[in-house]
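Atom set for the values below is all heavy atoms of this structure, side chains included, hydrogens, waters and symmetry mates excluded. Throughout, protein chains are lettered first and strands after them, A, B, ... in sequence-line order, and every chain is numbered starting at 1.
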Amino acid sequence: MKIATFNINGIKARLPALLDWLDEARPDVAVLQEIKSVDAAFPRDPFEERGYNVETHGQKSFNGVAILSRLPLEDVTRGLPGDEGDEQARWIEATVIGERAVRVCGLYLPNGNPAPGPKFDYKLDWMSRLQTRARALLDSEEPAVMAGDYNIIPQDEDAARPEAWARDALALPEARSAFRRILNLGFTDAFRAQTHSGGHYSFWDYQAGAWNRNDGIRIDHVLLTPQAADLMTDCWIDPGLRGREKPSDHVPVWVELEA
DNA sequence: ATGCCCAGCCATGCTGGA
């Protein structure tokens with residue numbers, strides 16, 4: 001089972017590039033972030049024509065997540081538990097039925113800038129709720145994957161210019177430690193388990209020629225429960241998409257499971 | 001110190017992103 005997470009930065013703007021990528025790369029499961037569309041306006045047809053089941057959790061203009069899967073999906077849920085008043089569409093889950101059943105969670109973690117401030121408080125609150133859900137996934141003792149745009153630069157080696165991010169919500173100590181608290185429950189950062197060196201990025205700003213200067217950051221992550229980590233055979237980033245026509249500012253991060 | 005670029009919107013300048 002090949003799973004990719006991809007922040008597409010708008011389904012309307014990215015549809016041709018996304019379809020080209022799906023046709024070439026053929027993920028079994030793709031979790032998408034920042035669809036920036038309500039569910040009713042999501043263009044399901046081109047995905048269904050390609051054999052993908054489509055589950056979305058969108059909102060107008062901002063945020064929004066989706067799961068595309070060529071394998072059957074069961075028990076789809078939307079929204080991160082823990083705050084009934086949270087209107088922001090940032091979390092979706094489904095069980096993917098492959099050779100093994102894998103619980104796949106797609107997430108778009110709040111950016112949190114400017115920090116300090118209410119947006120950073122919301123980010124930390126959201127991460128606290130994520131930790132609660134992560135603990136429940138561990139308690140299930142089943143293979144589970146939490147994949148998406150975490151908006152966290154875990155360590156300085158995950159940024160080309162760490163000093164430029166030192167006071168940013170993506171790298172502040174409070175944000176990093178909230179991310180580590182989730183890892184410390186017993187999750188594996190799939191990419192870091194596969195590749196120990198720094199200098200691997202999943203996002204390059206549109207501004208100031210960041211891509212051409214390889215001025216990137218690694219903020220899209222795949223976290224695995226121990227049962228999922230046991231099944232992992234590979235994990236990689238596909239940076240090439242960033243150099244194409246009309247790209248997203250993020251690129252896909254992949255994990256392959258024996259499932 | 002600030003904007004750069006990009007997407008979306010009952011828009012033609014603003015918010016949000018990271």
Heavy atoms under 4.0 Å, any strand shown: does [X] hit a base, just sugar-phosphate, or nothing?
{"X": "N7(A)", "value": "sugar-phosphate"}
{"X": "Y108(A)", "value": "sugar-phosphate"}
{"X": "A13(A)", "value": "sugar-phosphate"}
{"X": "D149(A)", "value": "sugar-phosphate"}

Can [X] and [Y] be counted as an ion pair, charged N to O under 4.0 angstrom?
{"X": "D75(A)", "Y": "R103(A)", "value": "no"}
{"X": "R192(A)", "Y": "E157(A)", "value": "yes"}
{"X": "D189(A)", "Y": "R218(A)", "value": "yes"}
{"X": "R244(A)", "Y": "D20(A)", "value": "no"}

To the side chain of [X], which of [options] is closest?
{"X": "F62(A)", "options": "dG17(B), dA7(B), dG16(B)", "result": "dG16(B)"}
{"X": "Q207(A)", "options": "dG8(B), dA18(B), dC4(B)", "result": "dC4(B)"}
{"X": "K119(A)", "options": "dA18(B), dG17(B), dG8(B)", "result": "dG17(B)"}

Using the [atom1] atom as the reference point in each nucleotide, state the distance between [N] and [M] in Å, no decimals.
{"N": "dA11(B)", "M": "dG16(B)", "atom1": "C1'", "answer": "15 Å"}
{"N": "dC4(B)", "M": "dG17(B)", "atom1": "C1'", "answer": "14 Å"}
{"N": "dG8(B)", "M": "dG3(B)", "atom1": "P", "answer": "23 Å"}
{"N": "dC14(B)", "M": "dA1(B)", "atom1": "P", "answer": "24 Å"}
{"N": "dA7(B)", "M": "dA18(B)", "atom1": "P", "answer": "14 Å"}

Length of the [atom1]-[atom2] vector between [X] and [N], whole Å:
{"X": "Q59(A)", "N": "dG8(B)", "atom1": "CD", "atom2": "P", "answer": "14 Å"}
{"X": "E245(A)", "N": "dA7(B)", "atom1": "CD", "atom2": "C1'", "answer": "17 Å"}
{"X": "Y206(A)", "N": "dC6(B)", "atom1": "OH", "atom2": "C1'", "answer": "6 Å"}
{"X": "L170(A)", "N": "dG16(B)", "atom1": "CG", "atom2": "P", "answer": "17 Å"}
{"X": "L15(A)", "N": "dA7(B)", "atom1": "CG", "atom2": "P", "answer": "13 Å"}
{"X": "D205(A)", "N": "dC6(B)", "atom1": "CG", "atom2": "P", "answer": "10 Å"}
{"X": "D168(A)", "N": "dG17(B)", "atom1": "CG", "atom2": "C1'", "answer": "11 Å"}
{"X": "N63(A)", "N": "dG17(B)", "atom1": "CG", "atom2": "C1'", "answer": "10 Å"}

Side chain N111(A) and base dA18(B) donor-acceptor under 3.5 Å: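 Under the 3.5 Å cut-off, the side chain and the base do form a donor-acceptor pair.
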
Under 3.5 Å, is there a donor-acceptor pair linking the side chains of N53(A) and S69(A)?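 No, no side-chain donor-acceptor pair sits under 3.5 Å.
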
Polar side chain donor-acceptor pair, T5(A) to Q33(A), under 3.5 angstrom: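 Yes.
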
Would one find a side-chain N or O of [X] under 4.0 angstrom from OP1 or OP2 of [N]?
{"X": "K246(A)", "N": "dA7(B)", "value": "yes"}
{"X": "N151(A)", "N": "dA18(B)", "value": "yes"}
{"X": "K60(A)", "N": "dC10(B)", "value": "yes"}
{"X": "H250(A)", "N": "dG17(B)", "value": "no"}

5' precedence on DNA chain B between F203(A) and K12(A) (nearest-nucleotide basis): K12(A)

